[in-house]
Amino acid sequence: MAPPPLLAIGSSFYPFSPPPTTIAIRVPSFPLSHTPSAVKLGIFLSLHSHIPLFNGPPVSFALEYDGPPLPFDLPRAVPISVDDIPVASVVSQVPLSDTLSLPVVQPIVAPKNPTVKFSKELRTLGSEARVSKEVELGSERTVSPTSVIAFEDRVSQSNNVCELSGELSSSGAFEFSNVNYASGEFSDEGGSSRMLEESRGAGSSGTVEFCESFDKSGRSSSALRVSNELHQHDWASTESVLSLEYPSTRVSSLKAEDCGDARRPPVVTFDVDSDDALDGDFGDEEEAVTRPLKREPLTKGKKGSCYRCFKGNRFTEKEVCLVCDAKYCSNCVLRAMGSMPEGRKCVACIGFPIDESKRGNLGKCSRMLKRLLNELEVRQIMKAEKFCEVNQLPPEYIFVNGKPLAYEELVTLQNCPNPPKKLKPGNYWYDKVSGLWGKEGQKPSRIISPHLNVGGPIQPDASNGNTQVFINGREITKVELRMLQLAGVQCAGNPHFWVNEDGSYQEEGQKNTRGYIWGKAGTKLVCAFLSLPVPSKSSNSHGEQHSSLSSKAVPDYLDHAIIQKLLLVGCSGSGTSTIFKQAKILYNSVPFSDDERENIKLTIQSNVYAYLGVLLEGRERFEDECLGHLKKWQSSTPGNTGPGPESDEKTMYSIGTRLKVFSDWLLKTMVSGKLDAIFPAATREYAPLIEELWNDAAIKATYARRSELEMLPSVANYFLERAVKILRTDYEPSDLDILYAEGVTSSNGLACVEFSFPQSSPEETGETADLHDSLIRYQLIRVHARGLGENCKWLEMFEDVGMVIFCVSLSDYDQFTVDGNGCSTNKMVLSRKFFEAIVTHPTFEHMDFLLILNKVDQFEEKIEQVPLTKCDWFSDFHPTISRPRPNSNSNSINHNPSLGQLGSHYIAVKFKRLYSSLTGRKLYVSVVKGLEPGSVDAALKYAKEILKWSEERPNFSSSEYSMYSMEASSFSH
Ligand SMILES: Nc1nc2c(ncn2[C@@H]2O[C@H](COP(=O)(O)OP(=O)(O)OP(=O)(O)O)[C@@H](O)[C@H]2O)c(=O)[nH]1
Ligand SMILES: [Ca+2]
């Protein structure tokens, strides 16, 4: 059993005047052996002096300051009556009224680490420079005097950031960053003016002044709305500076700044989503997402033009500054950005933290830079961009279980053996016992290393579950409950589970381990199916943990990889599993593990026995037919003195006794459904018989008539012809065998493979290799139509896929299936119905779809024999085939499309029309031969391009979009 989590105590205080000093102590993470109710909540204690707390854990107390007078202002707290302070109470039992909001005070940490402090100063600077810009541009607005000073400093010291920040840091000890997050949209002119209107409309007398000056200087309006609302709020209206973090601080202290407190740099602001701010839930203030204030570009031309030369329009290719979003054309970018010691930033933005919304772009080189610089330079710049100090994620923007991280905590988190991927500013929950990790209010997204001392204690509602089933004190989400049920965990009676990092679980308060969640066969698949995390291999071993700690000082690129999910669906037999296996073979250096190969070998051998069974059955049928004919012929031939019906008659389909016994036994076993149990274990014993059987003339004759055996799939030939070899014990399936094998990926109708497209060599593309492309990881998830359940009810589990690849077998057009009522339906029409159900499913409302028209090889052959009109949906297919003119040059290539090409094109158009009538959008189509690796490769790369395009799409105007999409929606062939 894993050691119980450490009891972490964070202390915070209200600097009261008059004394006594009060501390709020937060007690997180109880081991399960404690009472469940204690696990469910963090306890806040308000103490008046040193009170011994539990045994052992160190508690830090803030004492009243009685040193020499300070040269700078300290935030003050007005006295509060003690009754107003929330005291330890069980939240669930004492519902808080909507109007009461309880402030939570964070510890004020003296900056121990000079580097952290440095970057914080820089962040503070960022906001000032922005305001200063207004001055420079002749704005008449009220600006903070500090910003003017800062601006002058900046000018006089010619951007000597270090000196400047040194000056500012005298009063900056308590500064958190000046936070305000402006997404790209906010910088949009129309957008911000709309916001301005909004905030004006909502402004009340006290805040209007504040709103105006700050809105015009480019802040996003969410902060404004909050401040307005806070004014209607009891706590805020006291105008007191209660705590550094309480949003009301911002209102009053910012005002103070406007009133001319010249020594004070801009004060901490937290962007609080207005809803959150009014929620009144305990600890909501802590849930506020802290985000950096956006630095505005120094110049800005007309919309879409380059920010330096003011030429060009929105279609001109441009490079964007990671800090201020200034955009430069290829003529200006190098002059505007210089040597890029911190990556793509305007020279004036060097030293400033990046706009957090651009974090995902770090290290991803644009085509433009690749053209302008050589490969080495590009690499250098991208590396600097990713790893230089100032571009790193600021710890206090990450909240874990409601608590902003300290620098050390972030380091711990990022350097643990299994760190959360793609960490962005935001609110997360972390179950320290199991390692489960997720965004606040959402299901778990990952399992990271357990027992990390980061963040606060987990809250019961951390993932916003409503199942009344608890794991480690957190009420789990519906999806998780389903996973538990599928994994066979008894969930009746609202149990509280205690789940360890190894997946062992027990019911709260009980000693016995009930089982291992991850150990169950199929759980991993279920998890992939539900987009739930599973522990990665390295997470269990502690030895590994230590070694990787040291080796992970330099983060590797793969850890920051992006995952794009592709959902592959299709009706039975459409070829999805073949495409899935192709992807494995194409992109994974070890497509199948030894274990997998062993299993596949058994599957293939079982298949071959089954194919042999079908042959033997066919042989009996043919033999009976022959005998029947023989008898008929005998009885209709008077005077025949041949052998009577009882005697042994031989036909070309008859076999010897030994083989007959084997055949009878095999057929009996097949009928009883025990084939899998007996074979291929009995392989050794039967191997000699197999050889004899396969070489027997009767079997050869039967095999010659295999087209009459409906039960024999077309791939059977491939295996039967090598049956003798395959059924040996030392058989090792080749990749091709696996590709052709049926039943390899079925299990529960779901399979998942992760890969990235191999980096194409520079010679190949004539361009610098695209680092970005090889960084993206793709997850191909194959689900069976039957796996989606009635009305595709499982589909909603795939809400986070980037694209749906829908697979149709072209050769289905003349195939029919008979349902339970004896109705026969064309398989193509069935596919169409399934297609309709999926594209109109609410989960996929804005999803891109790629239609794979598969088995075009079979189709081309078939359409020459069987008219396409065999399927009702294709009744209007009337191709006019123009024959090559008789006198045309025999050397010229015949450009006339074949019937197969015309047919597949026609079907594609049918689906495209259907899709656009249902969704109003364009369907991407790819015609594929599933058994040919090159063809599947092309289709999946096409999918990649579509995804890439759909990410870039917002960067283009609508006119360009329509042009682009026309092109993209055309065929890939
Ligand atoms: N001729 C030809 N056969 C193909 C092609 N793609 C797949 N097949 C065969 O079609 C059969 C069905 O393909 P699967 O990939 O197993 O189809 P599925 O979507 O998994 O459907 P289930 O078999 O019901 O699980 C297999 O025997 C494949 O080998 C193709 O492009 N051409
Ligand atoms: Ca199959």
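Nothing here was measured: the structure is a model prediction, and the numbers come from that model. The residues of the chain are indexed from 1 along the displayed sequence. Whatever order the structure lists them in is the order used to number ligands and atoms, beginning at 1. Side chains are part of it too, since the values below use all heavy atoms of this structure and drop only hydrogens, waters and symmetry mates.
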Quick one: does K929 get an N or O within less than 3.5 Å of an N or O on ligand 1?
no
Side chain or backbone, does V856 bring an N or O within less than 3.5 Å of an N or O on ligand 1?
no
Only heavy atoms of T576, strictly under 4.0 Å: list the atoms of ligand 1 that pass.
15 (O), 17 (O), 18 (P), 19 (O), 20 (O)
Please classify the R782 to ligand 1 contact at 4.0 Å (heavy-atom distances, strictly less than): side chain, backbone, both or neither.
side chain
Measuring from the heavy atoms of S574, does anything fall under 4.0 Å of ligand 1?
yes
What pairs with D594 under salt bridge (charged side-chain N to carboxylate O under 4.0 Å, His left out), at least two apart in sequence or on another chain?
none
Tell me which part of I579 gets within contact of ligand 1: side chain, backbone, both or neither, using heavy atoms under 4.0 Å.
neither
Contact summary for L899 and P879, nearest pair of heavy atoms
CD1-CG, 3.7 Å
To check you understand the geometry: which heavy-atom pair defines the closest contact between S756 and Y778, and what is its length?
CA-CD1, 4.4 Å
For ligand 1, which is the ligand I care about here, please tell me if V928 has any N or O atom under 3.5 Å from one of the ligand's N or O atoms.
no
Does P713 come within less than 4.0 Å of ligand 1, judged by its heavy atoms?
no
Short version for E742: what comes under 4.0 Å of ligand 1, heavy atoms counted, is side chain
Report yes or no: does N854 contribute a side-chain atom to a donor-acceptor pair with the main-chain N or O of S574 at less than 3.5 Å?
yes
Looking only at non-hydrogen atoms, the one of K855, E861, Q858 nearest atom 8 (N) of ligand 1 is K855
To atom 7 (C) of ligand 1, the nearest of D857, T578, V715 on a heavy-atom basis is T578
Which residue in the set F806, Y915, Y924 passes ring pair (Phe, Tyr, Trp, His ring centres under 6.0 Å) when paired with F849?
Y915
N/O of S577 under 3.5 Å from N/O of ligand 1, yes or no?
yes
Shortest non-hydrogen pair, R597 vs P591, comes out as NH2-CG, 4.3 Å
Which residues pass the side-chain contact (heavy atoms from CB on, under 4.5 Å) test with D737, sequence neighbours left out?
I604, Y718, F719, R722, Y731, P733, S734
All heavy atoms of F874 vs all of T869, minimum pair found to be O-CG2, 3.5 Å
